[in-house]
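All values below were derived from every heavy atom in this structure, side-chain atoms included, with hydrogens, water molecules and symmetry-related copies excluded.
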Amino acid sequence: MRRQRPTDLFAGVDNLSLDQREFNPSRDDIEGICRFFCLGKLQHYEKEKGIAVSHSNFFVFVATAHGQYAFKFYPADAAKTIAIEYTLNKFLTGHNFPTPVMHASHDGQPFFASNNQLTACYSYLAGLPAWQHIKKRNTIRKINAAMLSVKEILSRTKGRIPFLKQEKLTTTINALGKASRAITSYDQKETIELILLDTYRAYQNHQPLFTRQWLHNNSTLTNFLIEHETVYTLDLSHIREDYILADLAALIISCLFLDIPRETIKNIVDNYFTLHKIEKKHFLVLNALVKIGLIKEYLKNVQREEPLNLSTCPPDITKIYLSHLQARKKFIISVLKKMTDTSKFII
């Protein structure tokens with residue numbers, strides 16, 4: 001068998017094949033979850049079916065006598081997060097928003113506790129990842145329309161759902177500056193600190209542009225699924241109040257990491273501004289949020305290196321993983337260095 005090379009893994013360090021975390025639920029475990037959610041007799045199940053890009057939670061896809069479902073596994077302390085997501089899911093699906101339906105037990109419990117994990121249950125969609133079709137203008141329009149629809153529907157909650165609030169931008173900038181001084185190499189410290197200072201000044205000089213609203217807030221390209229021409233939005237657990245254009249910034253960063261062509265990214269941005277009726281002066285806000293997001297990703301990759309213990313991994317996996325970490329950091333810094341003019345969006 002030919003050895004894998006870094007170029008074989010399109011998603012880089014985020015490719016699922018590089019995820020070496022242990023996750024081995026037994027058939028008894030899966031059957032117990034099926035009984036809890038009243039899904040009927042288990043027929044078969046499969047871990048991470050059709051998933052190519054790694055993520056923070058694990059999935060198991062199951063077929064039962066009643067249908068097909070996706071089980072999402074959370075840490076044991078995620079009960080409140082799941083409860084809020086369940087409330088949001090019911091609210092959004094009640095307004096005909098296309099997202100997988102979240103199920104509960106007969107007594108309304110939206111999660112099952114087992115093996116020091118919590119499991120939520122969703123309807124299964126046999127769709128295609130949006131990143132496979134993002135070059136099509138119709139796909140771009142539908143994704144941007146989905147983000148607009150989320151905002152419009154959430155505005156109708158009128159305080160009935162306890163949304164989280166993203167911290168202030170100045171707080172984030174200060175925390176990132178402290179983290180970069182502590183763990184990055186000297187040559188990148190200077191770059192990061194200059195960009196953080198530039199972003200801080202842009203925020204201070206143009207604060208009226210940095211308005212806030214309720215957003216999906218984790219609208220990465222991997223959180224959109226296409227089935228029968230409909231774009232479904234996944235992962236509602238991150239919905240919160242954040243700065244305008246935070247969802248678009250997250251989408252752009254994910255496109256960069258999935259090597260989406262720059263012309264396609266430009267089309268995404270242009271269509272988003274038109275569809276959401278955002279004025280061009282808000283490019284400054286988008287620039288600031290993309291910079292902050294990229295610096296977060298850079299520091300995350302530095303942190304991945306420091307406690308790295310790949311002694312139990314195959315040598316090829318270790319080599320590829322480290323290669324991708326270095327490539328990802330180098331790529332992020334190269335993009336950040338190009339984004340020196342905050343008066344317009346440059347990618």
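Within the 4.5 Å cutoff, the side chain of Y243 has heavy atoms near those of the K168 side chain. At a threshold of 4.5 Å between non-hydrogen side-chain atoms, the residues L221 and I260 count as touching. Put simply, the side chain of L286 reaches to within 4.5 Å of the side chain of F273, judged on heavy atoms. Proximity of L256 to I265: side-chain heavy atoms (C-beta onward) are separated by under 4.5 Å at one or more points. Contact of the N223 side chain with the T220 side chain is registered, since non-hydrogen atoms from C-beta on lie closer than 4.5 Å. With contacts defined as side-chain heavy-atom distances shorter than 4.5 Å, the pair E227/L128 does not qualify. The side-chain heavy atoms of I268 and C255, taken from C-beta on, include a pair separated by under 4.5 Å. Taking the side chain as every heavy atom from C-beta outward, L258 and V53 approach each other to under 4.5 Å.
Figure legend: cation-pi geometry between R328 and F257, with NZ or CZ positioned under 6.0 Å from the six-membered ring centre and within 45° of its axis.
A side-chain N or O of E167 and one of T172 form a donor-acceptor pair less than 3.5 Å apart. In this model, a donor atom of one side chain and an acceptor atom of the other lie less than 3.5 Å apart for N138 and R141. Between the side chains of Y74 and E85, at least one donor-acceptor pair of N or O atoms lies under 3.5 Å. No side-chain donor-acceptor contact under 3.5 Å links Y200 and N174. Checked by atom type, the side-chain pair N115/D29 shows a donor-acceptor distance below 3.5 Å. Between the side chains of K151 and H276, at least one donor N or O lies within less than 3.5 Å of an accepting N or O. A donor-acceptor contact under 3.5 angstrom links the side chains of D107 and S105, judged on distance only.
H66 places a side-chain N or O within donor-acceptor distance of the main-chain N or O of L39, the cut-off being under 3.5 Å. Looking at T99, its side chain does come within 3.5 Å of a backbone N or O of T233 through a donor-acceptor pair. Side-chain atoms of R240 come within 3.5 Å of backbone N or O of H238 as a donor-acceptor pair.
Taking hydrophobic clusters as Ile, Leu, Val, Met, Phe, Trp and Tyr residues chained together by side-chain heavy-atom distances below 4.5 Å, L294 shares a cluster with L289. I278 and I140 fall within the same hydrophobic cluster, where Ile, Leu, Val, Met, Phe, Trp and Tyr residues are linked whenever their side-chain heavy atoms come under 4.5 Å apart, directly or through other members. Side-chain heavy atoms closer than 4.5 Å link hydrophobic residues (I, L, V, M, F, W, Y) into clusters, and following such links, even through other members, never connects V60 to L16. There is a path of hydrophobic side-chain contacts, each under 4.5 Å, that joins F97 to I161. Cluster annotation: L336 and L245 are assigned to the same hydrophobic cluster (Ile/Leu/Val/Met/Phe/Trp/Tyr, side-chain heavy-atom contacts under 4.5 Å, transitive).
If you take CZ on R181 and CG on L196, they are separated by 8.5 Å, rounding to the nearest 0.5 Å. Interatomic distance, CG of L88 versus OG1 of T157, reported as 8.5 Å (0.5 Å rounding). Interatomic distance, CG of L148 versus CG of L275, reported as 5.5 Å (0.5 Å rounding). The NZ atom of K165 sits 4.5 Å away from the CD atom of E241 when rounded to the nearest 0.5 Å.
When every heavy atom of G40 is checked against every heavy atom of C34, the shortest pair comes out as O-CB, 4.0 Å. Scanning all heavy atoms of the two residues, the minimum distance from V285 to I244 falls at CG1-O, 3.4 Å.
The local environment of CZ in R212 is crowded, with over 12 non-hydrogen atoms from other residues, nucleotides or ligands closer than 6.0 Å. More than 12 heavy atoms of other shown residues, nucleotides or ligands fall within 6.0 angstrom of atom NZ in K47.
A salt bridge links K72 to D235: at least one charged side-chain nitrogen sits closer than 4.0 Å to a carboxylate oxygen. The pair K300-E297 meets the salt-bridge criterion, since a charged nitrogen lies less than 4.0 angstrom from a carboxylate oxygen.
If you look at F59 and F73, their ring centroids are not closer than 6.0 Å. For F210 and H206, the distance between ring centers is not under 6.0 angstrom.
Remark: of the listed residues Y122, Y69, F112, F71, Y69 is the sole one forming a ring-ring contact (aromatic ring centres under 6.0 Å, His included) with H103.
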